[in-house]
Amino acid sequence: MQTSTADSTGQGQLKFNDLTSNWLKNAPSFDSNGFNRDLVVWFCRDLLPFSAVGKCGFSGFMQKNLPDMSLPDRTTLSHAALHDVYDAVKMKVTEDLKGAETLCVMFDGWTDKYHRRHFLGIRVKIIRPDWSPVIITLSSNACEAQDAAGMVDHILRVMSKFLTDEELRNKTIFTTHDGAEAMKKASTLLHSQGFTHCLAHVLHLLIMVDSIKNVRDLMGLVKKSKNMVNKLHYKGCLLKEEAENEAETAELESLLQMIEDAKMEQEAEEDVICLEDDVEHEKECETDDSDCAENAATSRGGKAPAFTTLKNEVETRWNSTFSMLESLTKQTKIVDKTLRRIGEPTLQKQEWQVLTQVKDFLKNFQSLTEMVSGETAELSLIPLIKAEIKTVCQPDSKDCEELKTLKKNILKNLDKRIPLTESVLQAALLDPAMKDLEILSLDHTKKVKLLKDLHSSLPKATQNSSTSSEEAADAGDLHQSTAAVPEANLNKRQKLLLKHSGTSSQQKLEHEIESYLATKADPMLNPLEFWAQNNVSFPNVAQCARYLLSRNAASVPVEALFSTMGLILNSRRSSLAPYRANEIIFIHDNFDLYF
């Protein structure tokens, strides 16, 4: 076993050496400062402060293992070496963006807790030529402008570092954000072909704004629960005594951690600045929360308590309510006795039962939130999410009155919050595992029409760029090659073949769509994996897939960006220049994508 561990460590060291040597070959200025750049890569990936090079621990380690190596100071690392690594990663990002036809731009705002400085985070989702999806961090830099025009100017300045104006004009842009009015206006100014309201945020609006807040008795219990968490905070010793008295110590640590997390989430919620529209609630939640970075990595199950903000580890604020209820209902007897012991009010038996039912119900939404909070979440997930919500909200004779009302409120607002738009249905049809599901409520004729309409709406550059169509033409498969290519772009041979084939391009497109819809695919296969294998068989439908499946259903990746920013701009590095913090996070997020 010891030999195996040693081998594993050696392989890890070799892998690290390979990584640094590979990226260094592509660095813009490879020279004797390569060691400094290696240190920058190390520190950025692990979010270590550059001042670590001057600490006695690091110096002692280097003197023992590399006594002849002259160590740089923090200024050397944070200036020339950092810029070199940034430029090396930037070259790779630029190549990726140039090769993509469609960009899904995700952006959101954040404010750091030390200087109250506003930042704008920007990440982009693309589908690479091999059909692999990738999310790239472009920037998380200071942006004082809070209006739509100012945000757009900032975004365009960031994009200009990677693409020329002409290259950007030739891209199709989609946007995903939290649906705030300023964000919508920014999408319009960016000439977005369509914006997606972050599905994780939509779940928050549906659960909290539309439902829980409108159940008076339930909101009263939620407020009581918050008060109990406040009273139980720092009462771990008393909770431990009660647990020992009840011989229920097995899950005490879990209970204490959950109470700690719930308390921290409450405190974070107080820092959130929300702007709610009184009627439609569409302007809600531009958040100005921030993170205390210490121990954030341990917030899910670690021993050390983590300061978790709603823009940090908790993707949507409704989740803080669920965490609170879960912590309190974990061991109600222990919580109840501890509160009585310190002379604080507790809940009646019936109230505990209500909270337990609501907690069990909300657990269904936790799994849905986790599903849409992944790195990539296609629009085709939306019908599945909506169908599952309808299922879990079906009435049950055992439901308490508060839960019955909660379910009714959710169902009442479901269509408003999660509409099955034309784009969503088209995305679902481009997912082979979903195209035949009854939840879409589409007959065959409607399916064909939706895909034909989507293809006709594709930008000309997208229609004309299909190399697979040209390959199919060379093979003599006219049905695939000229299905929807404008006649002006066909060569003479293709025009003659088309003229004498007796079939119009639209008929051939319809034939291809019919063939695709009749295909039986592995339901476990990711839609992009399917198109990687079948884009030659269905070249025109594949163009539609590359175009539409580039859109992301949630902007959670940007919220994760702010989590990392909180780890960088912590109490010990609060004076770090924003542009330098931006370079650090750019390397941290993107390095492993390319090296």
Side-chain angles (χ1 to χ4, degrees), residues 178 198-233 254-274 276 281 284-285 287 289 299-300 306-332 335 346-347 351-373 385 389 392-393 399-410 413-414 417 556 559:
D178 65 9
C198 172
L199 190 53
H201 180 247
V202 166
L203 289 176
H204 162 72
L205 296 177
L206 184 63
I207 295 168
M208 292 301 299
V209 178
D210 296 335
S211 304
I212 290 180
K213 289 184 178 179
N214 289 319
V215 183
R216 181 178 176 181
D217 292 342
L218 181 55
M219 271 304 297
L221 288 178
V222 169
K223 291 179 180 179
K224 287 183 180 180
S225 299
K226 289 183 177 181
N227 185 59
M228 288 192 294
V229 168
N230 290 332
K231 300 301 180 183
L232 289 172
H233 198 225
S254 175
L255 171 64
L256 294 175
Q257 182 64 49
M258 293 171 74
I259 289 177
E260 178 72 19
D261 289 345
K263 172 63 177 176
M264 295 306 177
E265 289 165 12
Q266 280 186 34
E267 292 177 355
E269 191 170 19
E270 294 172 1
D271 289 337
V272 176
I273 298 176
C274 297
E276 296 188 6
H281 304 291
E284 181 176 337
C285 79
T287 60
D289 50 343
S299 63
R300 293 177 179 172
F307 186 96
T308 308
T309 75
L310 300 173
K311 282 286 188 182
N312 189 2
E313 298 298 328
V314 181
E315 292 84 3
T316 52
R317 282 172 290 133
W318 77 267
N319 213 12
S320 63
T321 299
F322 170 75
S323 298
M324 177 182 66
L325 299 184
E326 189 176 36
S327 67
L328 291 175
T329 57
K330 190 79 173 179
Q331 296 186 44
T332 57
V335 170
T346 183
L347 301 181
E351 291 176 320
W352 280 118
Q353 291 173 345
V354 170
L355 288 185
T356 301
Q357 280 198 16
V358 172
K359 179 263 298 182
D360 292 339
F361 171 70
L362 291 179
K363 196 166 188 176
N364 297 298
F365 290 86
Q366 183 189 37
S367 62
L368 296 180
T369 300
E370 291 172 353
M371 187 185 305
V372 303
S373 297
I385 298 292
I389 292 175
V392 301
C393 287
D399 290 344
C400 61
E401 289 302 316
E402 292 82 358
L403 183 55
K404 288 179 180 178
T405 306
L406 179 61
K407 288 183 175 180
K408 288 180 181 178
N409 287 346
I410 291 175
N413 292 280
L414 185 58
R417 291 299 182 191
V556 175
E559 296 169 358

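Bear in mind the structure is a predicted one, so any value in this text is a computation, not a measurement. Numbering starts at 1 and runs along the sequence shown.
Counting heavy atoms from C-beta on, the side chains of L203 and I389 come closer than 4.5 Å. Between E559 and V556, the closest side-chain pair of non-hydrogen atoms falls below 4.5 Å. Side chains of V335 and T346 form no contact here, defined as non-hydrogen atoms less than 4.5 Å apart.
Across V392 and K407, no two heavy atoms sit closer than the pair O-CE, 3.6 Å. Nearest approach of I212 to M219, heavy atoms of both residues: O-CG, 3.2 Å. The two residues E402 and L218 come nearest to each other via the heavy atoms CG-N, 4.3 Å. Of all the heavy atoms in N364 and D360, the pair that sits closest is ND2-O, 3.8 Å. Considering every non-hydrogen atom in both D178 and H201, the closest pair reads O-ND1, 3.0 Å.
In this structure a side-chain-to-backbone donor-acceptor pair under 3.5 Å is present from S327 to M324. Not a single donor-acceptor pair under 3.5 Å links the side chain of Q366 to the backbone N or O of F322. Looking only at distances, no side-chain donor or acceptor of N227 sits under 3.5 Å from a matching main-chain atom of K223.
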| message | With side chain to side chain contact (heavy atoms under 4.5 Å, CB included) as the criterion, how do L328 and L232 come out once you've worked through the C-alpha distance, each side chain's angles and the decisive distance to 0.1 Å? | response | CA-CA 10 Å; L328 291 175; L232 289 172; 4.0 Å; yes
| request: Could you walk me through whether L206 and W318 pass the side chain to side chain contact (heavy atoms under 4.5 Å, CB included) test, one step at a time? | output: CA-CA 9 Å; L206 184 63; W318 77 267; over 6 Å; no
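The aromatic rings of F361 and F365 lie perpendicular to each other, with more than 60° between the two planes, well past the 30° mark.
Only one option out of M208, E326, H204 pairs with T321 in a side chain to side chain contact (heavy atoms under 4.5 Å, CB included); it is M208.
To the nearest 0.5 Å, the span separating CD on Q353 from CG on L347 amounts to 11.5 Å.
The side-chain contact (heavy atoms from CB on, under 4.5 Å) check on S211 picks up L406, N409, I410, with sequence neighbours excluded. In this structure K404 satisfies the side-chain contact (heavy atoms from CB on, under 4.5 Å) test together with D399, E401, sequence neighbours excluded.
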